[in-house]
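Quick note: residue numbers are just sequence positions, from 1. Just so you know, ligand 1 is whichever comes first in the structure, and atom 1 is the first atom listed for that ligand.
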Amino acid sequence: MTPRETTEFPTLRTPSGAVPLDAPAWNRQRPSAMPQHRYQPVHDRVALPLTDRTWPSRRIERAPLWVPVDLRDGNQALAEPMDTARKRRMFDLLVAMGYKEIEVGYPSASQTDFDFVRHLATSDAVPEDVTVSVFTAARHDLIDRTIASIEGLPRTVVHLYTATAPTWRDVVLGRSRAEVHALIRDAATHLMRRAGEQPGADIRFEFSPEVFNLTEPDFVLEVCNGLTELWDACADRPVIHNLPATVEVATPNVYADQIEYMDRHLARRAAVILSVHPHNDRGTGVACAELAVLAGAQRVEGCLFGNGERTGNVDLVTLALNLYAQGVNPMVDFSDIDAVRETVEHCTRLPVHPRHPYGGELVHTAFSGTHQDAIAKGLAHHAKQAAEWGLPVEEAPWAVPYLPIDPGDIGRTYEEVIRINSQSGKGGVAHLLHTHHGLDLPATMRPDFSRTVQRTTDADGRELSHKDLWDLFYATYIAPGEGGPVGLVSWSTADSGSGEHHFSCVLRIDEEGQERHCQGTGNGPLAAFTDALGTAGFAVDIIQYTEHGTTTGPGSHAIAYAECRVNGVTCWGAGWDTSLLTASVRAVAAAVNRAEGGAAR
Ligand code: KIV
Ligand code: ZN
C-alpha cells in the first residue's frame with residue numbers, strides 16, 4: 001500500500017464537538033463524531049460483586065502452571081493451519097522448553113487434530129512427566145470422538161467447554177440458563193462415564209465456562225461447583241476450572257476482581273485448580289493474566305507470542321519473562337529466544353513483530369543517542385562491577401539502563417544492542433568502535449566523529465553497521481595521514497641520547513608543487529616533527545594526544561589520536577599501524593592534512 005500524503009485523509013473528521021465545560025484550559029480535546037453510545041461499560045453488562053479485593057497488595061513469587069494452547073487456539077486461528085509435521089515441531093519445542101501440560105488439539109473438530117493426537121498416542125513424543133490436554137464441546141458424539149483420540153495416552157486432561165454468558169445463551173445456543181446448566185451437567189456426566197470405561201487411563205477433567213468474564217458470577221459458581229462435586233474432585237485429583245476472558249472487555253482490574261471472587265467462593269477450593277485463559281482484544285491480556293494470578297489463579301493458558309483467535313491469546317513469552325525480570329524462576333526455558341521465535345514463525349507462518357516484548361528483533365536495540373550512551377556506560381559499569389565481585393559478567397546482578405534483562409540471558413548478542421542511524425549519538429558510536437574494532441576514542445573526540453556519522457546517516461538515511469563505522473572513521477581521521485595537501489613522503493627520527501630527538505622528513509606540499517626537506521628537534525619524536533613542520537610554514541600545537549593497542553599479539557595494530565591546532569585551525573587526526581611511532585606520526589600528519597584540507601570548516 002502506498003502511504004497517504006499528510007493532506008489526504010478525506011474520511012477522517014477532526015473532532016469538532018464542544019470542548020467539555022469542565023475541561024481545564026490545558027486540555028482542548030473535543031468529542032469526536034464516532035458513535036461510542038453503541039457500547040456499554042462492563043459494569044452494566046455483568047455483576048461485579050467484589051469490593052474488598054486483596055489482590056492489589058499481593059506479589060507474584062512463583063510461576064503458575066503454564067498451559068500452552070498453541071496447538072488448538074493458535075492453530076484454529078491460522079489462515080494455513082499447521083499440518084502434522086508443523087504441529088509436531090511445535091509440540092517438541094514446547095516440551096523442550098519445559099511445559100508440562102500442553103493442549104494438543106480439538107480432535108473432534110478436524111481430522112488433522114484427531115490424527116495428531118493419534119500420532120502422539122502412538123509415538124514416543126510425550127515424555128513421562130508431560131500431560132496432554134484435548135479440547136471438546138459439550139456433546140456426546142464429540143466427547144466420544146475425543147475419548148477415541150486419546151486411547152493409549154497414559155495421562156490426559158479432557159477439556160470440556162460451553163459458553164455461559166447471556167448473549168451467547170440467547171443468541172448462539174438459544175437456551176435458558178437452566179437449560180445450559182443441564183446441557184453442561186449431561187455432557188460432564190457422559191464424559192465421566194466414558195473416561196471410566198478406559199482401563200488404566202489417567203484422565204482428568206477441565207471445564208471452561210466460555211465467556212466467563214461476561215457471565216453472572218452466581219451462575220459460574222453454580223455450574224463449576226456442581227461439576228466439582230459430580231466429578232468428585234479432591235486435592236489429589238483436582239478438577240480444573242478455567243475461567244476465560246474469551247473476549248477481553250474490561251480493564252485488567254475488573255478481571256482480577258472476578259477471579260478473586262471465584263477464588264474465595266469456589267467450593268472444595270483445595271480440589272480445584274483455578275485456571276485463567278485471557279485473550280487480548282483490548283491489548284491487556286498480559287496484565288489480565290498477571291493480575292489474575294495475584295487474585296488467586298494457579299494456572300494460565302496462552303500461546304507463544306500471543307497467537308490465537310483475533311488479537312490472540314495471552315502471550316506466554318511475555319508472561320514468563322516478566323516474571324524472570326523480577327527474579328522469579330519462570331519454570332520454562334527461553335535461553336535461546338530466537339530459536340523459539342523462529343520455530344513459532346515456521347509453524348504458524350506468521351511473523352513476530354520486531355517490537356514484540358523480549359522476542360522481537362528490535363527490542364534489545366537502541367538507536368537513540370542518549371539511550372546508547374547510557375547503555376554503553378551501563379555495560380562498561382556492569383563489566384567492572386562483575387570483575388570487582390569476582391563474578392563472570394553473565395552471573396553478576398543486572399542493572400543496565402534501558403535493558404530490563406540481560407539480552408545474553410535469552411541468547412541475544414550485544415551486537416544488536418546498539419545500532420547506528422541518524423538518531424544515534426556519540427556513546428553508541430564509541431561503543432561499537434570499541435566492541436568491534438578495539439578503539440577507545442578519547443572523550444573529546446567522540447562528539448567530533450559523531451557529527452560526521454550524523455551527516456552521513458542524515459544524507460542517505462540508512463543504518464550504519466560497525467564495519468561502515470570503521471570505514472568512515474578510517475576515511476575521516478586515518479586516511480588523511482597517508483596523503484593530502486601536506487604529503488609525508490619519507491621520514492626518520494633519531495634520539496641523540498640526551499633526551500633530544502631529531503626528526504627529518506621530505507614533505508610534498510601541494511601548494512608549492514614540489515618536495516621539501518625539513519628537519520626539527522624536540523623533547524620527543526612528535527615535538528621534533530612539529531618543529532620540522534614549523535620550518536615548512538605549518539605552526540602545529542598538539543593539544544591532546546593518546547595512543548593504545550587495538551589487539552594483542554604479534555602484528556597487532558596500535559592507534560594514536562592527536563588533536564592539533566594547525567595555523568590556528570583545530571582538527572583531530574588518527575594513525576593506525578603496527579608501529580606505535582608510525583601511528584603517532586601519522587596521527588599528527590592526518591590532523592595537519594585535515595586542517596589544511598578544510599576539514600574544520
Ligand atoms: O477463549 C475461550 O473462551 C476458550 C475456552 C473455551 C477455553 O478458548
Ligand atoms: Zn480462547
Please tell me whether Arg58 and Thr54 have a donor and an acceptor in their side chains that are separated by less than 3.5 angstrom. yes
Glu210 heavy atoms within 4.0 Å reach ligand 1 at atoms 3 (O), 6 (C)
How does Asn313 reach ligand 1, by side chain, by backbone, by both or by neither, if only non-hydrogen atoms under 4.0 Å count? neither
At less than 4.0 angstrom from any non-hydrogen atom of Tyr161, what atoms of ligand 1 do you find? 6 (C)
With heavy atoms under 4.0 Å as the rule, classify the contact between Phe212 and ligand 1 as side chain, backbone, both or neither. neither
For ligand 1, which atoms, with element, lie under 4.0 Å from some heavy atom of Phe135? 6 (C)
Identify, by name, the N, O or S atom of His279 lying closest to the Zn ion (ligand 2). NE2
What protein heavy atom sits nearest atom 4 (C) of ligand 1, and how far off is it? His277 NE2, 3.3 Å
Ionic contact status for Glu260 with Arg264, cut-off 4.0 Å: yes
Please classify the Glu103 to ligand 1 contact at 4.0 Å (heavy-atom distances, strictly less than): side chain, backbone, both or neither. neither
Closest protein heavy atom to atom 1 (O) of ligand 1, given as residue, atom name and distance to 0.1 Å: His279 NE2, 2.9 Å
Do Thr311 and Asn280 get their side chains close enough for a donor-acceptor pair, meaning under 3.5 Å? no
Of the protein's non-hydrogen atoms, which lies at the shortest distance from atom 3 (O) of ligand 1, and what is that distance? Thr246 OG1, 2.5 Å
Quick one: are Ile184 and Thr164 in side-chain contact, heavy atoms under 4.5 Å? yes
Ser208 neighbourhood, listing ligand 1 atoms whose heavy-atom distance to it stays under 4.0 Å: 7 (C)
Work out whether the distance between some heavy atom of His159 and some atom of ligand 1 is less than 4.0 Å. yes
Pairing of Arg204 and Glu206 as salt bridge, 4.0 angstrom limit: no
Any idea how His356 and Phe305 line up, ring-wise: parallel (<30°), tilted (30 to 60°), or perpendicular (>60°)? perpendicular
Proximal atoms of ligand 1 relative to Asn242 (non-hydrogen, under 4.0 Å): 7 (C)
One finds that the ligand 1 atoms under 4.0 Å from a non-hydrogen atom of Pro244 are 2 (C), 3 (O)
I'd like to check whether Arg72 has a polar contact with ligand 1, where a contact means an N/O of the residue lying under 3.5 Å from an N/O of the ligand. yes
Aromatic rings Tyr106 and Phe135: how do their planes relate, parallel, tilted or perpendicular, breaks at 30° and 60°? perpendicular
side-chain contact (heavy atoms from CB on, under 4.5 Å) partner of Val317, the single match among Val332, Ile337, Asn322: Ile337
Is the shortest side-chain N to carboxylate O distance from Lys87 to Asp115 below 4.0 Å? no
Within the 3.5 Å criterion, strictly below it, is a donor on Trp55 or Asp257 matched to an acceptor on the partner's side chain? yes
